[in-house]
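Atoms within a ligand are numbered from 1 in the order they appear, just like the ligands themselves.
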Amino acid sequence: MIRVGVNGYGTIGKRVADAVAAQPDMELVGVTKTGPNYGAEAAVRRGYDLYAAIADRAEEFEVAGLDTAGTLADLLDVVDVVVDCCPSGVGARNRPTYEAHGVPAIYQGGEDASVADASFNARGSYEAARGADSLRVVSCNTTGLSRLLAPLDEAYGVEKARVTLVRRGGDPSETDRGPINDVVPDPMTVPSHHGPDVNTILPDVDVDTAALKAPVTAMHTHSVNVTLEDAPSTAAVRELLAGESRVFLIPERAGIDGAGALKDYAADVGRPRGDLWENCVWEESISVQGRDVYLFQNVHQEADVVPENVDAIRALATETPREESVALTNESLGVGLDSLLSDGGTSRTPVTADD
Ligand code: NAD
């Protein structure tokens, strides 16, 4: 059993903790919180051992009536791997602590790539992560792009990818983020940092990205154009992506027209927290014109990196091959949506412009 600790129990940390607890070859030893808020209560209710992230504040848990099993240092003494899910930049500050305890660490995409020995995405760089003492699971957007570009590059060669990312303004629980009533370029400079981040996973793929932020909380939307070296048919690209276990092709007849319906669908099929671990690609948006592929995909920022963290733990701590780890993660979590309404993407509804 790989003994795992999760340091930082927020949006990503609580999901990673649940995913680790669901693995047959992993034991979730415990999670940390900085203070006794509703997140700490949720961890206790799930039966997870709670550790005080900041030793000086350990007493606060006791005063609030929440038992702790110790401090972060105690947790680090008894785990094989720590998954850092702290806010961006805090992971880098935690690194000396993990190193002092000799515990291999997995960081998240809000950290600079230099925080770890290698950046990680199970589809794009699992084997390259071998031998690393630390890994950084790339961001939600980079994860979504890597999962898409890796198979396209392998099958047809990517000459140039151009992606516009319409990013969610904040997560549903983040009341202090925005914009509240605008769509703003962010960053204003083009290309954005996302393309170079994809290159930490797929160094040979030429990709430019431009990003905006929109007043939505559910998901990111990517408008993708990839110029390929070959000229496959639209049907062939649809089939290729349908074969990817972490890509969900949304069937046209499902009537899913955006993030709201997607999250509704996820809840209806019983997904915990309505999570979508897969890239969600609108099947009828996949279109090949000459050597250019076009498509729209949505990425659930709170969820798509979760199975990647599980695979990163195995890549770091075991000799498990990629296919085996991905299959085990998928099976134990239930990754891989397969709609009963899939029809191979043959039907098309013509659309008339009205603005
Ligand atoms: P979050 O704010 O929801 O959660 C972070 C948690 O860490 C909070 O509970 C916070 O109280 C806690 N924390 C703060 N300082 C701490 C410390 N010193 N020790 C232990 N815990 C501490 O943040 P998040 O959205 O889960 O993001 C975590 C990381 O994951 C970031 O690097 C982020 O960029 C990355 N990420 C976030 C998303 C997303 O959309 N939310 C997607 C992919 C990757």
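Of all atoms in ligand 1, numbered sequentially from 1 with element shown, those under 4.0 Å from a heavy atom of Cys140 are 42 (C), 43 (C). Ligand 1 places these atoms under 4.0 Å from at least one heavy atom of Ala53: 19 (N), 20 (C). Atoms of ligand 1 lying under 4.0 Å from at least one heavy atom of Gln108, given by number and element, are 29 (C), 30 (O), 32 (O), 35 (C).
The distance criterion of under 3.5 Å between nitrogen or oxygen atoms is not met by Glu302 with respect to ligand 1. At under 3.5 Å, not a single nitrogen or oxygen of Gly13, backbone or side chain, sits near a nitrogen or oxygen of ligand 1. When only interatomic distances are considered, the shortest N/O to N/O separation between Arg168 and ligand 1 falls below 3.5 Å. Ligand 1 has an N or O atom lying under 3.5 Å from an N or O atom of Lys33, backbone or side chain.
Using a 4.0 Å threshold on non-hydrogen atoms, atom 23 (O) of ligand 1 does not count as touching the protein.
For the pair Glu283 and Arg238, the salt-bridge criterion is not met [side-chain N within less than 4.0 Å of a carboxylate O].
In terms of protein heavy atoms, atom 7 (O) of ligand 1 is closest to Pro87 CD, 3.4 Å. For atom 29 (C) of ligand 1, the closest heavy atom belonging to the protein is Cys86 O, 3.4 Å.
Between the side chains of Asn121 and Ser146, not a single donor N or O lies within less than 3.5 Å of an accepting N or O. Side-chain N/O atoms of Tyr48 and Asp18 include a donor and acceptor closer than 3.5 Å.
Contact annotation for Tyr9 and ligand 1: only backbone heavy atoms (N, CA, C, O) come within less than 4.0 Å of the ligand. Only the side chain of Asp171 comes within 4.0 Å of ligand 1, judged by heavy-atom distances. The part of Val90 lying near ligand 1 is the side chain, judged by heavy-atom distances below 4.0 Å.
Across Asp186, Asn141, Thr164, Thr209, a single residue satisfies side-chain hydrogen bond (donor to acceptor under 3.5 Å, both in side chains) together with Ser192, and that is Thr209.
At least one heavy atom of Ser88 sits under 4.0 Å from some atom of ligand 1.
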